Amino acid sequence: MEPVLINGTGTDNVALWYYSNGRIRKKVYRNPSWIFVEGDGYDLDRLERDLEETRFHFGRSTGKTIFGEIEGLRIYSMPSSIGFLRQAVESVGLNRKFRIYNADLNPVLRYVSQRGLQFFRIDQYTDRDVEIPSVKIIPKVVAGRPVSVLLDDIPYSRLDRSFYVDAADAIKESTIIVYDNTMNSFTGIVEKIMDLGYDLSVHVKPGSTFQSYGRIHHKNTSLQIYGKISINADSFIYSEAGLDGLFQVSRISSLPLEIASSVTPGTAVSALEMSRAVRSGYLVTAYKDDHEGEKSPEELISTDRGGLVLDPEPGLYDDVYEIDFSSMYPSIIVRYNLSPETVMRSGTIAVPETPYFISTEKRGFLSAALEDLLETRLRYKAIKSKDPLYANRDVALKWLLLTSFGYTGYKNAKFGKIEVHEAITALGRWILSTAIRLAREMGFTVIHGIVDSLWIRGNGDISTLIERIKLATRIDIVVDGHYRWIAFLPSRKGIGSPNSYIGLRVDSTYKLRGISARRSDVPTFVKKMQVECLEILKDCMSSKDIVACFRDLYSIKARYMAEIRSYPREELLVKYRITRHPEEYVSGTMQKEIAMSLHRMGMEVNPGESVEVLVTGADLHTADIDGDGLADRRFYGKLIERAFECFEYMLSESAKISKKGEGLQLF
Amino acid sequence: MGRTTPTARQSIERIAESIEKMCSLMNSTDARIARDLVAKGRKRSAEISFSAIDPETGFILALLLEIEKEILSIRERT
C-alpha cells in the first residue's frame, strides 16, 4: 500500500506522518519560508537599508496576486520568526506604507501546498480512506460529574481501575483519539490514567466562551496528546460529519486533521482558498484594505439585501413539489465567475438590480477555487444514499460550501469582497424569481419559496419545468420532494411562517421544520407525542383525510397529559443554556437557579454550556438536577399543549377543506 | 459581516410596532381593526423586500391590495 499522508506537525521543522500497513512513519523536513512586502520604491529602499542590519536575507522580486503582478521585496525567514518579522516591517512602514503577503499562513499548510502534497489522498472520489486505529471516549456527565463512559461504544458504568486501564490501553494503541470533554470530564480521565503511572504527554488548551449571532457558546477545554491526533467531539465538523467528514476537510483544505477538527467551516474554506493560492503561486495578503466601494444611498438600499424569502399562506396543500437549487450560492460563484477581481463597475455581464458587472476576461480566483469543492460535493450528493461514508463527505462539503458564501462578506476574509457578496444575493433573488415566473408560465402555482427552494403545485410537467429553469438560470435544480400534503403553519403574528411546516412525502417520509420534534430544548417525551401523532397522519392520502384522525390525535394528547409523571426522568429533562456566571444574573430565571444550585454543589458551569434538568416548579424556578424530584405537571402540560397546536391547526384546516373543497390563497 | 441597512421585514416590523402603540390608546373595536390592517400589510413583506420599494409605501400598497381583494370578493358574492 502506498504510504498515505495523514498528519503534519511542527513549524521550522515539519514532521509529516505517513501511514502504511498499520504503521506510522514520521519524516522531518526543514521548512524555510519567506514573506513578500509591497510598497513605494522609496519606502522599500529604506526597508532594505534597515534589513541590511539584520540576519534576514532578502531581495527585490515580482509577485502575483489575484489582481495582477506586483513588485516588492521578498524576505526569507523561518516560520517561527515570521510573526516578529512582520511586526518589524509594519513598524518601519508606520503600519500603513507596506502591504505584507504570505505572513500568516499555517506552516504545515504552506509546506504541503507548495510541494503539491495532500492529506488523505485518494485516487478516485469513491475510494475509502485508510483505516487508522482510533478510539472514542465519551463520558456521560450528570450534574457536572461523569457518571459513565462510552469507550468505543462499550458502556462503562463504573469508573474504576479496570476502566482506566482499558482506556489507557486504547489510547496507547490508537493514533486518533476522539474525546468529549464536557465539564472537563475527559481531562479528569486523563489525569487518573497518568496517576496510574501511564506516561501521557498532554497539552491543555483552555476552553472559551464566545458570542455568535447573539447566542452565548462555550468551547470545551481541548487536550492534545503528544504523538496522537486528538479530536474534540464538540468539533463542529466532527459532530456533523464524523471522522469521514474530517478526513475530507483535511484532504481539500490542506489543514492537518487535528487543526481541521478545531476550526469552523469558514476557516476551513479560508484554508482551502489559501492552499489553492499557494499551489497556484498567488500571494496571500496578511490583511485586507480593499474597503467597500462608494455607493449612493439608493444603491446601498438596493444592493444590501439577502435572499428572497416568501411568506406562505398558512394552510394545507395537496400534491406539492419541492424543487431545490443545488448549492445555489456556491454554484452562482462558480457559474457566474464571481471573485473579488471579476466583480467591478463595468464589464461583460450586468448583475441584476446592482451597479455591478462581471468580467469574463479570465477565470476568477474564487470561482476556480470553489469549483472543485462544488463538483466534488455534487458527486457525493448523488451517491450519498449508497454509503454513510459518502453521506458524511457530502455533509462536510455542504457546510464548507454554505459558509463559502458568507465568507465573501466577512471583512477579514482573504478572498472576500462585499460587492461579491451583494452580487451573489442579487443573482440568487433573480434566479428564484425567474424560477417562479417559469413555474407560473407552465401552469404551476407557487405556494412558498425560501432563497433556493420552491414549493409548487399544479398540472404542469415538472421535468420540463426543471429543464427550463436550468437553461434559464445555469444553476442545477432538482425535485427534492413530492408531498402528498404539506401544512404551512401560521406564526404568532397570524401570517405564514417561512420555516414552519409539516410535509408528508409520497414515499411516506416526513419533512419537518420548526416544530417541537426538531428542537433540541424540548423534552423527549413531548417529541415522542408529536412523533406518535405524525405516525397516525401517515395514513392520510390527502389533506382532507386529516380531520378523520381527530379522535386518535386527541386521545394521544390526553394520554400524554395524564401520564406526565410516569415517564422516565431522562425523557422529561429540559435543556437550559447557561448564559452567565451565577452572580451575574439580575432577574430570577430558571437559568439563574440552575447556575446557583450547581455552584452550591461545588460545580461551575461556564456561560454557553447547557444543563439538563427536571423542572419541578416552573413558577418558582425550581428544578431537580440529579435527584428524583416530581415533574411540574403544569409546566409539562403547557409544553404538550404547545406541541399539539400544529395538529389542532391542521385538523381545523382539514375540516374546512372537507366541507368546502379546496380554496387557494396563493402568491 | 452584517447588514448596513435594515431589511424590508425589519422596517415593516417597526411600522407594526408604532401602530401597536397607537392601538393601546384606541377602543377595542378600532384596535382590532388596526391590528387586522397590520396583518394585511405584513402579508406582502416578501414582495416589498424583493422590489426594494420604500417599505412604508409598500406597506400601504399591501393594505390597499388586501382591502381591494375583499371588496371584489364581496361584490362577486352580491
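Below, all heavy atoms of this structure are taken into account, side chains as well, without hydrogens, waters or symmetry copies. Since the structure is predicted, the reported quantities are computational estimates derived from the model, not experimental observations. In what follows, chains carry the letters A, B, and so on, assigned in the order in which the sequence lines appear, proteins first and then strands, with residues in each chain numbered from 1.
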Chain A contact via R9(B) - side chain, backbone, both or neither, heavy atoms under 4.5 Å: side chain

Atom group of E353(A) that falls short of 4.5 Å from chain B, counting heavy atoms: side chain

Side-chain (K417(A)) to main-chain (E292(A)) donor-acceptor, under 3.5 angstrom: no

Pair K43(B)-E66(B), salt bridge (Lys or Arg N to Asp or Glu O under 4.0 Å): steps then yes or no: CA-CA 9 Å; K43(B) 267 189 175 179; E66(B) 291 298 318; 3.7 Å; yes

Sidechain N-carboxylate O distance under 4.0 Å for K40(B), D36(B): yes

Charged N-O contact under 4.0 Å between E322(A) and R513(A): no

Contact class of S45(B) relative to chain A, heavy atoms under 4.5 angstrom: both

